[in-house]
Amino acid sequence: MNKIILIGCFLVTQFMMGQVSHITKNILSYTKDVFPYQGTRIISIDEVHSPDKEENVYIFSKIEANKQPDSLYFQHYKNKSGNWKKIKSISFSHDGFLSIWKSRKAFMDSDKNKSIDALFIFSKHNKDKEQESVHLLLCSNEELYFISAKKEDNYQEFTYSDNFKNLKESIKSDVIKYWNELDKK
């Protein structure tokens with residue numbers, strides 16, 4: 001009986017590990033000559049691979065500290081034939097400051113196409129450091145999608161990007177589940 005449980009645990013572990021690999025490296029190993037990110041300082045980098053399919057780097061960077069309006073940049077790079085190519089980028093600006101929730105992100109392959117679906121959370125704050133809104137940024141199949149909620153309605157009403165309805169149902173379901181379980185305050 002113990003052997004069956006042990007084998008079951010091993011198979012579950014192998015299945016989970018086979019889905020997505022998240023690699024942690026020193027931020028200094030990501031240079032602007034290879035990854036020409038827009039900001040002056042890197043806030044967060046995630047290198048994520050899917051088995052035998054693709055290698056991704058997701059970079060959040062910002063302008064100099066204490067500059068107004070605050071700007072946050074997101075860039076997605078993919079390794080194509082041994083060279084890193086920028087796939088998508090977007091910038092956000094806010095009178096106040098923008099904050100990445102580094103411990104609130106997910107990497108998955110919801111539609112089992114061996115391509116990473118990556119989601120990140122960030123928030124906007126006023127100049128008094130009070131949170132005003134929370135945003136989910138999804139990078140899936142080389143497109144960007146968003147969900148937002150505001151403090152003014154106690155984070156009860158959600159705004160979706162226009163293209164969100166075009167997501168595959170499996171991806172949409174996983175993202176909405178994550179969003180609904182997120183403590184937005």
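Everything numeric in this text was worked out from a predicted model, so none of it was measured.
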Using the ring pair (Phe, Tyr, Trp, His ring centres under 6.0 Å) rule, pick out the option among Phe107, Trp101, Tyr145 that qualifies with Phe120.
Phe107
Heavy-atom check, side chain of Ile116 versus side chain of Glu54, under 4.5 Å:
yes
Apart from Phe97 itself, its cluster of hydrophobic side chains linked below 4.5 Å comprises none
Answer with yes or no whether the hydrophobic clustering places Tyr73 together with Phe92; edges join I, L, V, M, F, W, Y residues whose side-chain heavy atoms lie under 4.5 Å apart.
no
Just by distance, no angles: are the side chains of Asn56 and His76 close enough, under 3.5 Å, to form a donor-acceptor pair?
yes
Would you mind reporting whether Asn141 and Leu167 have side-chain heavy atoms less than 4.5 Å apart?
no
Working note: Asn83 + Ser81, criterion side chain to side chain donor-acceptor pair (under 3.5 Å); need CA distance, chi angles, decisive distance, verdict.
CA-CA 6 Å; Asn83 296 311; Ser81 303; over 6 Å; no
Start with the C-alpha distance between Asn79 and Lys85, add both sets of side-chain angles, then the distance that settles side chain to side chain donor-acceptor pair (under 3.5 Å), and finish with yes or no.
CA-CA 6 Å; Asn79 193 335; Lys85 302 289 183 196; over 6 Å; no
Close side-chain approach of Gln131 to His125, heavy-atom, < 4.5 Å
yes
Any Lys184 side-chain heavy atom under 4.5 Å of Trp179 side chain
yes
Sorted by chain and residue number, the salt bridge (charged side-chain N to carboxylate O under 4.0 Å, His left out) partners of Glu132 (sequence neighbours excluded) come out as none
Under the side chain to side chain contact (heavy atoms under 4.5 Å, CB included) test, which residues partner Asn180, sequence neighbours left out?
Phe158, Ile176
Quick one: salt bridge (Lys or Arg N to Asp or Glu O under 4.0 Å) pairs with a partner in residues 144-168, sequence neighbours left out?
Asp111-Lys168
Quick one: does Ser93's side chain get under 4.5 Å of Ser71's, heavy atoms only?
yes
How long is the straight-line distance from CZ of Phe74 back to OG of Ser89, given to the nearest 0.5 Å?
9.0 Å
Less than 4.5 Å apart, any side-chain heavy atom of Val134 and any of Leu182?
yes
Please round to the nearest 0.5 Å and tell me the distance separating atom CD1 of Ile87 and atom SG of Cys139.
8.5 Å
Who are the ring-ring contact (aromatic ring centres under 6.0 Å, His included) partners of His94, not counting sequence neighbours?
none
Excluding sequence neighbours, so at least two apart, what forms salt bridge (charged side-chain N to carboxylate O under 4.0 Å, His left out) with Lys80?
Glu142
Taking only residues at least two apart or on different chains, which pairs with a member in residues 114-131 satisfy salt bridge (Lys or Arg N to Asp or Glu O under 4.0 Å)?
none
Listing, residues 37-44 side-chain donor-acceptor contacts under 3.5 Å, not counting sequence neighbours, or none:
residue : atom : partner : partner atom : Å
Thr40   : OG1  : Lys62   : O            : 3.4
Thr40   : OG1  : Glu64   : N            : 3.3
Arg41   : NE   : Ile63   : O            : 2.7
Arg41   : NH2  : Ile63   : O            : 3.3

With Tyr77, which residues qualify under ring-ring contact (aromatic ring centres under 6.0 Å, His included), at least two apart?
Phe35
Output the distance between atom CZ (Arg104) and atom CD1 (Ile121), rounded to the nearest 0.5 Å.
9.0 Å
Might you work through the side chain to side chain contact (heavy atoms under 4.5 Å, CB included) test for Leu136 and Lys105, ending with a clear yes or no?
CA-CA 9 Å; Leu136 181 148; Lys105 55 188 160 190; over 6 Å; no
Non-hydrogen side-chain atoms of Leu119 and Leu137 separated by less than 4.5 Å
no
Separation between OG (Ser140) and CD1 (Ile171), nearest 0.5 Å, reads 3.5 Å
For Gln75 and Ile90, indicate whether the former's side chain and the latter's backbone hold a donor-acceptor pair under 3.5 Å.
no
Residues in ring-ring contact (aromatic ring centres under 6.0 Å, His included) contact with Phe164, at least two apart in sequence or another chain:
Tyr160
Filter on salt bridge (Lys or Arg N to Asp or Glu O under 4.0 Å), then keep only pairs touching residues 86-103, sequence neighbours left out; what's left?
Lys88-Glu143
Strictly by modelled atom types, are Glu47 and Tyr58 linked by a side-chain donor-acceptor pair under 3.5 Å?
no
Please enumerate all residues that pass salt bridge (charged side-chain N to carboxylate O under 4.0 Å, His left out) together with Asp174, with sequence neighbours excluded.
none
Are the side chains of Tyr178 and Ile147 in touch, meaning some heavy atoms are under 4.5 Å apart?
no
